[in-house]
K.L.:
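To start, I am sharing the structure in question, which I have written as structure tokens.
FYI, side chains are in, hydrogens and waters are out, and symmetry mates aren't considered; it's all heavy atoms of this structure.
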Amino acid sequence: MVLEWGRRRPWRREPGLLGWLALWGVLCVRPAEALVEGLYCGKVVCYDVLGVRRDASKAEIARAYRQLALRYHPDRQPSGEASQENFLLIATAYETLKDEETRKDYDYMLDHPEEYYSHYYHYYSRRLAPKVDVRIVILVAVCAISVFQFFSWWSSYNEAINFLATVPKYRIQATEIARQQGLLNRAKEKGKHRRSKEEIRKEEEEIIKDVIKNKIDIKGGYQKPQLYDILLFQILLTPFYVFKYIAWWCWWIYCFNVKGQEYGEEEKLYLIRKSMKMSQSQFDSLEDQQKETFLERQLWIREKYELYKLEQEEEMKKKMAMDPRWKRYRRWMRKEGPGRLTFIDD
């Protein structure tokens with residue numbers, strides 16, 4: 001296909017590339033009803049824009065695009081607006097035909113003009129599809145969250161250790177253990193190796209913190225972080241946890257529902273935790289003496305737990321009734337609180 005402009009005449013505006021392509025589309029035998037404005041090259045066939053056949057190879061399409069791009073580049077044309085429109089049409093045709101999947105959809109549109117809505121779906125689904133694989137984005141996000149989660153837990157754990165080092169009860173015990181192990185009874189250095197009091201104090205502080213880390217079992221939200229607790233490992237281990245939970249549930253039904261075995265201590269604590277609606281970390285943070293009280297009162301039995309719950313609520317009401325702050329609040333609600341309407345005498 002050869003596109004040429006004739007000699008310019010002052011009384012006649014010459015057709016641009018779009019005009020010649022429209023004329024070519026009229027004379028073409030391809031189904032004109034398949035061409036929709038707003039899809040691909042609009043009312044013009046993309047193959048005709050580049051001047052290639054339907055069976056043209058990628059090399060032929062690229063060669064035709066380079067020739068037309070150099071010829072109709074806006075910098076080489078005197079009329080800026082028309083030349084820019086022609087250049088954009090050429091670029092659109094090349095973007096449509098250079099990709100195998102997009103070219104396949106376009107050929108299908110030319111061969112099946114009756115599937116109107118299907119053409120719109122394929123066109124915009126490819127245009128609006130993300131350029132980056134969604135799986136990579138999710139993986140990067142999960143890794144970033146896991147790193148932040150791990151370092152945040154380490155920060156909370158170090159804060160707990162620093163706080164316990166200031167508590168006299170734990171500090172005295174840790175100091176005594178360090179002296180028994182010979183960590184604080186070192187001979188003072190002399191000569192060049194002699195250290196200042198500040199350096200000795202810092203070293204003793206680190207020794208005490210290390211003893212606290214090794215001797216005290218911190219549970220709950222300030223416990224020592226583990227790699228398998230972060231989000232990435234939890235996602236990777238999800239199939240294992242699901243399988244483990246199903247196997248445990250089948251074992252529970254077989255042992256206690258079918259065979260009628262008595263509950264062990266772990267099973268009793270599990271039922272108590274479920275009745276209290278507490279997570280495993282929250283339940284582990286409770287004192288051992290408190291757990292023994294739960295077992296002594298047989299709180300794994302539903303009726304006894306309900307009775308225990310009522311007792312706790314009554315005890316809480318008594319504490320709130322005797323609390324001076326709660327008394328002041330009730331006095332304020334009775335005299336000054338919302339719902340009271342008074343006249344203020346100036």
K.L.:
Just wondering, do Asp111 and Arg54 contact through their side chains at under 4.5 Å, heavy atoms?
P.N.:
yes

K.L.:
Would you call Phe283 and Lys291 a side-chain contact if the rule is heavy atoms closer than 4.5 Å?
P.N.:
yes

K.L.:
Taking the side chain as every heavy atom from C-beta outward, state whether Leu89 and Cys41 have any pair of such atoms under 4.5 Å apart.
P.N.:
yes

K.L.:
Is it true that Lys202 and Glu206 make a salt bridge, defined as a side-chain N closer than 4.0 Å to a carboxylate O?
P.N.:
no

K.L.:
Parallel, tilted or perpendicular: which describes the rings of Tyr263 and Phe256, with under 30° parallel and over 60° perpendicular?
P.N.:
tilted

K.L.:
About how many Å separate CG of Leu307 and CG of Leu299, when rounded to the nearest 0.5 Å?
P.N.:
9.5 Å

K.L.:
I would like to know whether Glu266 and Arg273 meet salt bridge (Lys or Arg N to Asp or Glu O under 4.0 Å); could you show each step before the answer?
P.N.:
CA-CA 10 Å; Glu266 293 184 1; Arg273 180 174 67 84; over 6 Å; no

K.L.:
Does atom CZ of Phe243 have more than 12 heavy-atom neighbours from other groups under 6.0 Å away?
P.N.:
no

K.L.:
How far apart are the closest heavy atoms of Leu50 and Ala64, and which atoms are they?
P.N.:
O-CB, 3.4 Å

K.L.:
Quick check on the hydrophobic clustering: are Met278 and Tyr305 connected, directly or via other members, by side-chain heavy-atom contacts under 4.5 Å?
P.N.:
yes

K.L.:
Just checking, is any N or O donor in the side chain of Tyr94 or Arg66 under 3.5 Å from an acceptor N or O on the other one?
P.N.:
no

K.L.:
State whether a side-chain donor-acceptor pair under 3.5 Å links Tyr106 with Asp99.
P.N.:
no

K.L.:
Would you say Ile301 and Tyr308 make side-chain contact, with heavy atoms under 4.5 Å?
P.N.:
no

K.L.:
Quick check for you: to the nearest 0.5 Å, what is the distance between Leu236 atom CG and Ser146 atom OG?
P.N.:
9.0 Å

K.L.:
Hey, what do you get for CH2 (Trp252) to OH (Tyr245), rounding to the nearest 0.5 Å?
P.N.:
10.5 Å

K.L.:
Minimum heavy-atom separation for Leu68 and Val49, please, with both atom names.
P.N.:
CD1-O, 3.2 Å

K.L.:
Going only through I, L, V, M, F, W and Y residues with side-chain contacts under 4.5 Å, is there a path from Leu227 to Trp153?
P.N.:
yes

K.L.:
Is there a path of hydrophobic side-chain contacts, each under 4.5 Å between heavy atoms of I, L, V, M, F, W or Y residues, that connects Ile253 with Trp251?
P.N.:
yes

K.L.:
In terms of heavy-atom contacts, does CD of Gln289 have more than 12 from other residues, nucleotides or ligands at under 6.0 Å?
P.N.:
no

K.L.:
Taking all non-hydrogen atoms of both residues, which atom of Lys304 and which atom of Arg297 are closest, and how far apart?
P.N.:
CD-O, 3.6 Å

K.L.:
For the pair Glu198 and Arg201, evaluate salt bridge (Lys or Arg N to Asp or Glu O under 4.0 Å) and give the outcome as yes or no after the intermediate values.
P.N.:
CA-CA 5 Å; Glu198 184 67 21; Arg201 188 187 66 81; 2.7 Å; yes

K.L.:
Can you tell me if Gln149 uses its side chain to pair, donor with acceptor, with the backbone of Leu231 under 3.5 Å?
P.N.:
yes

K.L.:
Heavy-atom count check: over 12 atoms from other residues, nucleotides or ligands less than 6.0 Å from Glu287 CD?
P.N.:
no

K.L.:
Going through the checks in order, is the side chain to side chain contact (heavy atoms under 4.5 Å, CB included) test met by Glu262 and Glu267?
P.N.:
CA-CA 9 Å; Glu262 294 184 358; Glu267 289 76 22; over 6 Å; no

K.L.:
List the steps, then state whether side chain to side chain contact (heavy atoms under 4.5 Å, CB included) holds for Lys317 with Glu314.
P.N.:
CA-CA 5 Å; Lys317 289 180 181 179; Glu314 291 296 329; 4.2 Å; yes

K.L.:
Do Ile172 and Leu164 land in one hydrophobic cluster if side-chain heavy atoms of ILVMFWY residues count as linked below 4.5 Å?
P.N.:
no

K.L.:
Taking Arg171 for its side chain and Ala165 for its backbone only, find out whether a donor-acceptor pair lies under 3.5 Å.
P.N.:
yes

K.L.:
Any chain of hydrophobic side-chain contacts (each under 4.5 Å) joining Phe233 to Phe150?
P.N.:
yes

K.L.:
How close do Arg53 and Arg103 get, counting heavy atoms only, and between which atoms?
P.N.:
O-NH2, 4.5 Å

K.L.:
Report the distance from atom CD of Gln298 to atom CG of Leu271, rounding to the nearest 0.5 Å.
P.N.:
12.5 Å

K.L.:
Enter the distance from Leu295:CG to Trp300:CH2 here, rounded to the nearest 0.5 Å.
P.N.:
6.5 Å

K.L.:
Under the side chain to side chain contact (heavy atoms under 4.5 Å, CB included) rule, what do Tyr65 and Lys98 come out as? Steps first, then yes or no, please.
P.N.:
CA-CA 10 Å; Tyr65 166 71; Lys98 75 173 184 178; over 6 Å; no

K.L.:
Rounded at 0.5 Å granularity, tell me how far CD1 in Ile230 sits from CD1 in Ile145.
P.N.:
11.5 Å

K.L.:
Report the C-alpha distance between Lys213 and Asn158 in whole Å, list the side-chain angles of each, state the deciding distance to 0.1 Å, and finish with yes or no for side chain to side chain contact (heavy atoms under 4.5 Å, CB included).
P.N.:
CA-CA 9 Å; Lys213 289 180 181 178; Asn158 291 328; 4.3 Å; yes

K.L.:
In terms of the angle between their ring planes, are Tyr157 and Trp154 parallel, tilted or perpendicular, with boundaries placed at 30° and 60°?
P.N.:
perpendicular

